[in-house]
Structure formats: C-alpha cells, structure tokens
Amino acid sequence: MIRRPVLPAVLIVAALLVPAWPHGAAAQDAQAFIRHLGNEAIEVLGPGVPQEQRLARFRALFHADFDVPEIARFVLGRYWRIATPQERQEFMHLFQEYIVRAYSARLGQYSGEPFRVAGARQDGDETVVSSQIVEQGGQAVAIDWYVTETAAGYKITDVYVGGVSMAVTERDEFASVIQRSGGIAGLIAQLRQKLAAG
Amino acid sequence: MQSCRLSLLVPAFLAAILATAGCTAPAAGGGPQPQLLDQSNSDPYESANRAVFGFNNAFYHHVMFPVARAYRTALPPPIRQSLHDFLRNLNGPDIFANDLLQGQPTLAVTTFGRLVINTTFGFGGLVDVASLTGIPYHPNDFGITLATWGVYSGPYLIVPVLGPANPRQLVGQVADSFADPGDYIASQHQYLWVAVVRNVVAGVDTLSRNVDSLEDIEKTSLDYYATIRSLYWQRLAAEIRHETSSLPNPAPVSGGD
C-alpha cells in the first residue's frame, strides 16, 4: 500500500532536480573544487587550531588554490601598468603574505559552521560557485567564489562574502594608500612595515 | 509632539525627494541601476571624515566596544539571539512597506510571511521560526527605496558616533523612524523612551555581533578608514541589489539592523 507511490515520487523528485543542476562539466568540477576546499578549510582553520599553525595552513591553501598573480594585478588596478618589474615582483610577494595574515583571522570566524555548496553560474569565462555557511540561529552567510580554469587546474580569483568582494576591498584600500603615501613605493614600504610588525 | 514634527517634515521631505529624483535620468529599459549612480570611492570630505572617524574609533574603543562586550558577557547566547530576532521582527512592517515601494512583490510576500509566522509561532518574534524553516530575512529601508527610485547617494559621510553614512541613507532613516508603527505608537502614547531604548539595544546588538570583526580589520589592514569605506559602499550596493539575504553587517552604520 505504502510501497507503490515511492517510485513515481522518486522520479518526480529527480525530474525536479535535473533542471536545477548546473550545466556543463566545468561548473560541476568547479563546484566539486569549492566543496573540497570549503570542507578542507573548515577542518584546517578550525577554532581549536593555534594561530601559528592556522597561518601556515592558510598560507599553503592560498598558494595552492588562489590565482595570486591575477589577484595582485587586479588589486593594483591602474597602478599595475606604471609599476616597474621589480615593484610588481616585490608587491606580489608582500601582498600574498598580507592577505594571508588579514584573512586567516577574518575567515577563521566562520570555521566550525556547516559549509554547503548551493550551485554555480557562468560569469564571462569564470565560474561563480555559490556557497552558504549557516550560523547558529539559522542565518545563512552567502559566500560566492570566482573560479577560473588555468593550466595548473582551478584557481580562485575572488571571494564575495555577503556581496562584499575581497579583491575590490583590497584594491580600494591600496589605491588609498598609494594616493596618500605618494606612489607604489609608499605602498610597498607600508606593506613591509606592517608585515615586520607582525 | 512627534506628530507635529511629522506633519512639518513630510511635505518638505517629499518635495526634496521629488526634486532630487527629477534630476536623475532613469536608465532606458530594464529600470534604473542605482549602484551605477553612486561614486563608490569619491569622498570629497575625506579629511573631515577621517577626523570624525578617528574620534569615533576612540569612542568605540573606550565606550561602545566595552558596552558591546559587557552585553555579550551578561546575556547568554540564546537570550541574545531571541532579543536579536525580536528586534528584527519589529522591523518587519517597515521592511514590508519598503519591499512594496520598490515593486518587489516576492520580497514583500516573504517579509509578510516572516512577520506572521514569527509573531505567532515565534512567540511575538522571540524565535525566528521563519529563518529556521527556510524563509530568510532580508534588510530593507527607505534609503534603499530612494536608491531604487534613482536618487543619488550624495557624498560619503562619517557621522559622529553613528559612523559611515550618506545623505540618502540618513534621509531614509528619518523617514523609516516616522513610518515605523512601533515607534509611532510609542511616541503617541508618551512612551518615546521605549522607541529610544529599542534603537539603543538594536545598536548594541549589532555592535556585539561585529566588534571582533571590526577590531580584526583594524588590526590587519593598512588603511582602516579606506577599508571601512570600501566595505560600506559594497555592502550598500549589495543591499540595493537585494543580494545580501541574511548577513552580518560589516560596519556599524547605526542601530537599523
């Protein structure tokens, strides 16, 4: 009696799910990439991890999974073109460490909460993977990952938390520092000072 | 008392909106794109803003952060969560009105549903049953409505104590406070203090949720002022596009949330 309706119900549910599934293998792979990264991040950055270890782990994760040269170029914006090759090189090096220090703590506050990949959409030649972290009290924080396919596999170019872009925030901040300190040399000096201070 | 001020302010205020709205050219087709009208990082009063920002920062560190932390220590998490949900539920009618003014029927239905469910099954809003059953909260206010109508934000401002703002959001907040049924009823019955307490508690609640993030951003950023400015404009643009769903506020704009 109860058994009979099960199969049609399964088929109906399956039919409803199919169109919601993102099209193309790229979107699937990008989602799998983010799902893996998210679960890994929650594990390695968890609340019980000591600060030094958290930094080291986040550094490794950032190097492996983010398109650092692309992000550095975007973040310098129009100043990238006027920077000398040495300045670009030095900026890229300092920028990586700056991001690792700044964001290991900022993202650390979300660790330990359940992480769920909600879907993917195409934006130009990038795949945007939407995910959610549900906090206590049932509130969801939306995190969008911009993923690009490079020769070395999938790389993240930007992360949006609640509609706020990591790359745009840094670009705005660095533009302000460059304007106030009189050029890229000023930004590099301030980055070096900040990192030396710990 | 308040109704006197209300009757004086509303016509002047409407005239101001119409005058401003008339000046902005609506985009052809597809509706206006308000975020494009906002000059995200133009900050003509930057030096004055930085001075007020410095004062606010000292004030937060010496007064507001300790208050927010004391609030967090004094009340256990479930109580704070209930208070947060209750305060949010009180904002329901105002959010609903703004959903409608922006021509967002889906959002309006969501807000109405949340209000009904949380007020009844959620014991007057003390439990956010709606969020738990998958009907998420979204913020909305009259500043966002003005943005949707194509009103320009005006310059970035740091308001003493309250923090980042722009004239459009400030005008919106005044309108919201007059339109809010709870505040209106309280002020009509000589209980204006109830409305004041509500807004102060809402401010402390918002700050208690963001104090750690703010201190962390201050500690790790090169230019705290520029970072907060960027977060403010990005966050506002996301709210105007209704892309935020249910998220912690990056900056203590005021006790609106």
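So that the names make sense, note that chain A is the first sequence line, chain B the second, and so on, each numbered from 1.
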Heavy-atom pair of closest approach, residues [X] and [Y]:
X: E218(B); Y: K194(A); value: O-NZ, 4.4 Å
X: R101(A); Y: T220(B); value: O-CG2, 4.0 Å
X: G162(A); Y: A238(B); value: O-CB, 4.2 Å

Assess whether atom [atom1] of [X] is packed by more than 12 heavy atoms of other residues, nucleotides or ligands within 6.0 Å.
X: F95(A); atom1: CZ; answer: yes
X: E215(B); atom1: CD; answer: yes
X: F112(B); atom1: CZ; answer: no
X: H63(A); atom1: NE2; answer: yes

Nearest 0.5 Å, what's the OH-CG distance between Y103(A) and D216(B)?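 These two atoms lie 10.0 Å from each other.
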
If we count only N and O atoms by modelled type, under 3.5 Å, do the side chains of Q234(B) and T169(A) hold a donor and an acceptor together?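 The answer is yes; a qualifying pair exists.
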
R171(A) versus chain B, the contacting section by heavy-atom distance below 4.5 Å: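 Neither part, no heavy atoms under 4.5 Å.
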
Can R50(B) and R180(A) be said to form a side-chain contact (heavy atoms from CB on, under 4.5 Å), step by step? CA-CA 13 Å; R50(B) 279 193 187 260; R180(A) 292 169 63 81; 3.0 Å; yes

Counting a contact as any heavy-atom pair under 4.5 Å apart, which residues of residues 77-84 of chain A contact chain B?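 Listed by number: none.
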
S230(B) vs E173(A), test: side-chain contact (heavy atoms from CB on, under 4.5 Å). Steps then yes/no. CA-CA 7 Å; S230(B) 176; E173(A) 182 188 23; over 6 Å; no

Evaluate the side-chain proximity of L222(B) to L187(A): yes if any heavy-atom separation is below 4.5 Å, no if none is.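 SC-SC contact between L187(A) and L222(B) confirmed.
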
